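Worth saying up front: this structure is predicted, and the values here are computed from it rather than measured. Whatever order the structure lists them in is the order used to number ligands and atoms, beginning at 1.
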Amino acid sequence: MKEIILLKDGEIVLKGLNRRSFEDVLKKNIKFVLNPIGRFEITSAQSTIYVKPLSEDIDLDEACERISRVFGIVAYSRAAVCEEKTLDSVLQTAPVYLEKTLESAKTFKVEAKRSDKRFPYKSPEICRELGGIILEKFPHLTVDVHNPELTVYVEIRDFGAYIHCNPEKGAGGIPVGTGGKAAVLISGGIDSPVAAYMMAKRGIKLTAVHFASPPYTSRRAEEKVVKLLQKVSRYAGGMTMYTVPFTKIQEEIKNDCPEELFTIIMRRLMMEISEKIALDNDCSALITGESLGQVASQTIGALGCTDEAADMVVFRPLIGMDKQEIIDISYKIDTYETSIEPYEDCCTVFTPKHPRTRPVLKYVKEAQEKAGFAPLVEEALQNLKITYISSDD
Ligand code: ATP
Ligand code: MG
């Protein structure tokens, strides 16, 4: 029996005249994730995307798994393609295709959608006929129209007739690439990969910036960041990662700035350098994993000082979330286990004993200017390491 995967567009539906281009991006993104497992024909009509495998040996479970991580899809399901677009073919196909599911259910209903109005039977007739056949073949079942365990869907479309049931929830969001580009400041922690995922979900194409301070931070710490980004790429698509050599800057902060301002000045320099990388990469925003009150550098005052270091808009999607809520998402996107591997981040190098939780911007800027970081910032930007990241599956 021939099968395809039917996908329901998400918020794309709201985009009016842009809908076509949103759908084109979505189709391109689906093609990209399915490419490694085989060839598919991907078409769209009436808020539905049809994913048709072009050879018999393609693993559709794997295809569904990959599709479940594409933003812009609210639901998807495997569906049988009826041999002909006739009522007889529908009545023959459904009980065979759904045999196992029907056997294990107790209650069901049939829902028919007839978007091809030339089909000679109306939806209620299709439901009645198919419901009758199912009851005949599976006498243990009863119909429950309000709260059925199983809903059998029949869709009569322009291209054919399809049968499916139990649609899976899609990743939601909007297609990556339709919301512009942004640079995410990525550490090896729990938060920043989640922040990256959340902004990709809103359609943003990512570039990653990571600050490394060898020998204070190890090669393993950088590898961990690559591993995290590979996981994020399953949702966000491939991206370029820039590793900034940050050792000299951090040493200068330690030598020339007041200790209680180490972290805040370091964070400001991270923003300044990231903004420059962002501009060079056509990005119009920065993303961080900051969450209000989580640590001393994430108080309202400290965030104000950090924010001032870049002109670009900074997205902080985790700002109002509790740590546990962030952890729950990191489990879902499978970054948690990697994030908790114990390698030093540059943020934990030279941490002050008593960081200022209410830094005054004027004094922070004065201290930063007095130390004078411009030549070192320039040098760091000249020595960026570029790594291309693609999904690990
Ligand atoms: P995370 O779990 O993301 O490391 P955190 O709670 O440890 O977050 P901080 O270490 O204060 O918080 O960092 C706050 C944010 O600053 C991070 O979410 C990230 O966006 C950015 N950041 C921290 N360290 C680095 C780094 N080495 N390279 C790039 N960005 C970083
Ligand atoms: Mg961190």
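Between Met266, Glu222, Arg267, it is Arg267 that holds the heavy atom closest to atom 22 (N) of ligand 1. Checking Ile273, Leu185, Val184 against atom 19 (C) of ligand 1, the nearest heavy atom belongs to Leu185.
For the residue pair Asp328 / Gln324, a side-chain donor-acceptor distance below 3.5 Å is found, with atom types taken as modelled.
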**OP:** Evaluate side chain to side chain donor-acceptor pair (under 3.5 Å) for Arg220 paired with Tyr343, printing each intermediate quantity in order.
**Re:** CA-CA 7 Å; Arg220 301 289 291 273; Tyr343 303 114; 2.8 Å; yes
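Listed by number with element, the atoms of ligand 1 under 4.0 angstrom from any heavy atom of Met270 are 24 (N), 25 (C), 26 (C). For ligand 1, the atoms sitting less than 4.0 Å from at least one non-hydrogen atom of Gly289 are 17 (C), 18 (O), 20 (O), numbered in the order shown with element in parentheses. Those atoms of ligand 1 with a heavy atom of Thr288 less than 4.0 angstrom away are 20 (O). Within ligand 1, the atoms closer than 4.0 Å to a non-hydrogen atom of Gln294 are 5 (P), 6 (O), numbered from 1 in the order shown. Residue contact check: Ile186 has heavy atoms under 4.0 Å from atoms 26 (C), 28 (N), 29 (C), 30 (N) of ligand 1. Interface atoms of ligand 1 facing His210, defined by a heavy-atom separation under 4.0 Å, are 26 (C), 27 (N), 28 (N), 29 (C). Which parts of ligand 1 touch Gly189 is read off a 4.0 Å heavy-atom cut-off, strictly below it: atoms 1 (P), 2 (O), 4 (O). Contact atoms of ligand 1 toward Val209: 29 (C) (distance under 4.0 Å to a heavy atom of the residue).
In terms of polar-atom proximity, Phe211 is counted as a contact of ligand 1, with an N or O under 3.5 Å from an N or O of the ligand. Ligand 1 has no nitrogen or oxygen under 3.5 angstrom from a nitrogen or oxygen of Pro193. Considering backbone and side-chain N/O of Ser192, one or more are found under 3.5 Å from N/O of ligand 1. Checked against a 3.5 angstrom limit, the closest N/O atoms of Ile190 and ligand 1 fall inside it. Annotation: Gln298 places an N or O atom under 3.5 Å from an N or O atom of ligand 1; distance criterion only.
Between Tyr162 and Tyr50, the two ring planes are tilted [angle within 30° to 60°].
Under a 4.0 Å N-O distance rule, the pair Lys227/Glu341 qualifies as a salt bridge. Taking 4.0 Å as the cut-off between side-chain N and carboxylate O, Arg316 and Asp307 count as a salt-bridged pair. Using a 4.0 Å cut-off between a side-chain N of Lys or Arg and a carboxylate O of Asp or Glu, Lys370 and Asp256 do not qualify as a salt bridge.
Contact record, Phe246 with Cys346: CD2-SG, 4.0 Å, taken as the closest heavy-atom pair.
A continuous path of hydrophobic side-chain contacts links Ile163 to Leu135 [ILVMFWY only; heavy atoms under 4.5 Å].
Looking at Ser339 against ligand 1, nothing comes within 4.0 Å, counting heavy atoms.
Aromatic ring centroids of Phe71 and Tyr197 lie under 6.0 Å apart.
Distance alone, capped at 3.5 Å, places no donor-acceptor pair between the His164 side chain and the Ile4 backbone.
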